[in-house]
Amino acid sequence: MPRDHPGLRARMAALAAWVADAQPRAVHVDVSVEVAVFLRLLGVPVTTLAMPGVRNDAAHRLGYQMCESIIAAWPDWVELPEHLQSHAGKVAAVGGISRFAGRRPAADPHGPVILLGRGGADAPAGYWQQVQHHLGPGCRLLGPESWREDPYADLTGASVIISAGGQNAIADIACANRPAVIVPQQRPYDEQTATAAVLADAGLAEVITELPAPEVWPAIVAAAGSRQPEWSRWQTAGAAGRAAREILTVADRSRAAHHPPVEGAP
């Protein structure tokens, strides 16, 4: 956390003012340890999101300790990472959370899809364009230069989806229920590597840890497309609702603690 930073002071002051005005019974904090700790110091129960990888540093340990519940957006059969094992009693594995959960397939049958995000990329410049060329005219490349606000039809119509290993992308692929090749990108705490290892061990996706030459991809895609993984095991159906109920449970406990039932009241 930076020192002598006026922006940080202003943000925390705004957050404290909001808490004083709104009186929240609970707040869900994504992955900001400083916000989680600050809210807890203001007396607000906090929930947070579990993250894969190796997160045994002091900041993550403090953040998880402060929270009432840790929501894991992965299936309940996934073994807890070591950094969460001491908090196992408050981890709620709800399944992969995707905006596409519950939608009917909107298939537009075509060839492979290369799914890139707006974040950083580990591939050399032009690499995925070369891969697209080798995969043929039916291959679609979705990324910063060919953005789709709603790529669901592209995903559900794909013969194979090629993607990085972020949790959102994996949940979207699971909802599309298509074969996938996962290329985990280098991220802090090895989070994508950890997720990709779970998928490989479960037989849900092919995992490529080192980028091959672009001309090798047709063989990789052909092998992946011959399999039909059981993506229902990623438990995306109802995952957002389960996460919401977990947050509401924490909020209800907070209300009960501050407003115990009156003896003799109906």
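Numbers here simply count residues along the sequence, with the first being 1.
- Interatomic distance, T209 OG1 to I182 CD1, rounded to the nearest 0.5 Å: 13.0 Å.
- The aromatic rings of Y64 and H60 sit tilted, their planes meeting at an angle between 30° and 60°.
- By the neighbour-count criterion of 12 heavy atoms within 6.0 Å, atom CD of E79 is sparsely surrounded, having that number or fewer from other residues, nucleotides or ligands.
- With side-chain heavy atoms closer than 4.5 Å counting as contact, directly or through intermediates, Y189 stands alone and belongs to no larger hydrophobic cluster.
- By the criterion of side-chain heavy atoms lying less than 4.5 angstrom apart, applied directly or through intervening Ile, Leu, Val, Met, Phe, Trp or Tyr residues, F38 is not grouped with V31; the two fall into different hydrophobic clusters.
- No side-chain donor-acceptor contact under 3.5 Å links Q235 to the backbone of S232.
- The two residues A200 and V207 come nearest to each other via the heavy atoms CB-CG2, 3.7 Å.
- For the atom pair Q65 CD and I70 CD1, the distance stands at 10.0 Å (nearest 0.5 Å).
- Side-chain atoms of P179 and Q228, non-hydrogen and from C-beta on, do get closer than 4.5 Å to each other.
- Inter-residue side-chain proximity for R233 and P75 is flagged as unmet; no heavy-atom pair is nearer than 4.5 Å.
- Formation of a donor-acceptor pair under 3.5 Å by the R187 side chain with backbone atoms of Q192 is not found in this model.
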Go through the steps to decide whether Q129 and L141 satisfy the test side-chain contact (heavy atoms from CB on, under 4.5 Å), and finish with yes or no. CA-CA 8 Å; Q129 287 76 11; L141 175 59; 3.8 Å; yes
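- Between E246 and E68, every side-chain heavy-atom pair lies at or beyond the 4.5 Å cut-off.
- The closest donor-acceptor contact from the side chain of T156 to the backbone of A176 lies at 3.5 Å or more, if one exists at all.
- Of the possible donor and acceptor atoms, none in the side chain of E191 sits under 3.5 Å from a partner among the backbone N and O of G53.
- Note on V19: it does not cluster hydrophobically with I247, by side-chain heavy-atom contacts below 4.5 Å among ILVMFWY residues.
- When the side chains of ILVMFWY residues are joined at heavy-atom separations under 4.5 Å, either directly or via intervening members, W128 and I161 end up in two distinct hydrophobic clusters.
- In terms of heavy-atom proximity, A164 sits nearest to A169 at O-CB, 4.3 Å.
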May I have the step-by-step check of side-chain contact (heavy atoms from CB on, under 4.5 Å) for I162 and L135, ending in yes or no? CA-CA 11 Å; I162 302 167; L135 289 175; 3.9 Å; yes
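- The structure places CZ of R103 at 9.0 Å from OG of S98, a figure rounded to the nearest 0.5 Å.
- Residue V78 is grouped with residue I170 when hydrophobic side chains (ILVMFWY) are merged at heavy-atom distances under 4.5 angstrom, including chains of intermediate members.
- The shortest heavy-atom contact between V91 and A72 is CG1-CB, 4.1 Å.
- Between D172 and R99, no side-chain nitrogen of the basic residue sits less than 4.0 Å from a carboxylate oxygen of the acidic one, so the salt-bridge criterion is not met.
- Interatomic distance, CD1 of I71 versus OG1 of T47, reported as 4.5 Å (0.5 Å rounding).
- Rounded to the nearest 0.5 angstrom, D154 CG and I114 CD1 are separated by 12.5 Å.
- Nearest heavy-atom pair, W74 versus A50, reported as atom, atom and distance to 0.1 Å: CH2-CB, 3.7 Å.
- A donor-acceptor pair is defined here as one N or O able to donate and one able to accept, closer than 3.5 Å; no such pair exists between the side chain of T236 and the backbone of C175.
- Considering all non-hydrogen atoms of both residues, S86 and H83 come closest at OG-O, 4.5 Å.
- Under the rule for a side-chain contact (heavy atoms from CB on, under 4.5 Å), the partners of P212 that lie at least two apart in sequence or sit in another chain are Y127, I208, V216, W217, I220.
- Judged by distance alone, with hydrogens and angles left aside, the side-chain atoms of R61 form a donor-acceptor pair with the main-chain N or O of N56 at under 3.5 Å.
- Using a 4.5 Å heavy-atom cutoff, the side chains of L155 and I173 are not in contact.
- For the atom pair CZ (R40) and CG (L62), the distance works out to 12.0 Å, reported to the nearest 0.5 Å.
- A donor-acceptor pair under 3.5 Å is absent between the side-chain atoms of H133 and the main chain of P214, judged by distance alone.
- One N or O on the side chain of Q85 and one on the backbone of L80 form a donor-acceptor pair closer than 3.5 Å.
- Of the possible polar contacts, one joining the R242 side chain to the A237 backbone as a donor-acceptor pair under 3.5 Å is found.
- For the residue pair P112 and V221, the shortest heavy atom distance occurs at CG-CG1, 3.9 Å.
- If you chain together hydrophobic residues whose side chains sit under 4.5 Å apart, L39 and M12 fall into the same group.
- Annotation: side chain of N177 is not in contact with side chain of P105 (no heavy-atom distance under 4.5 Å).
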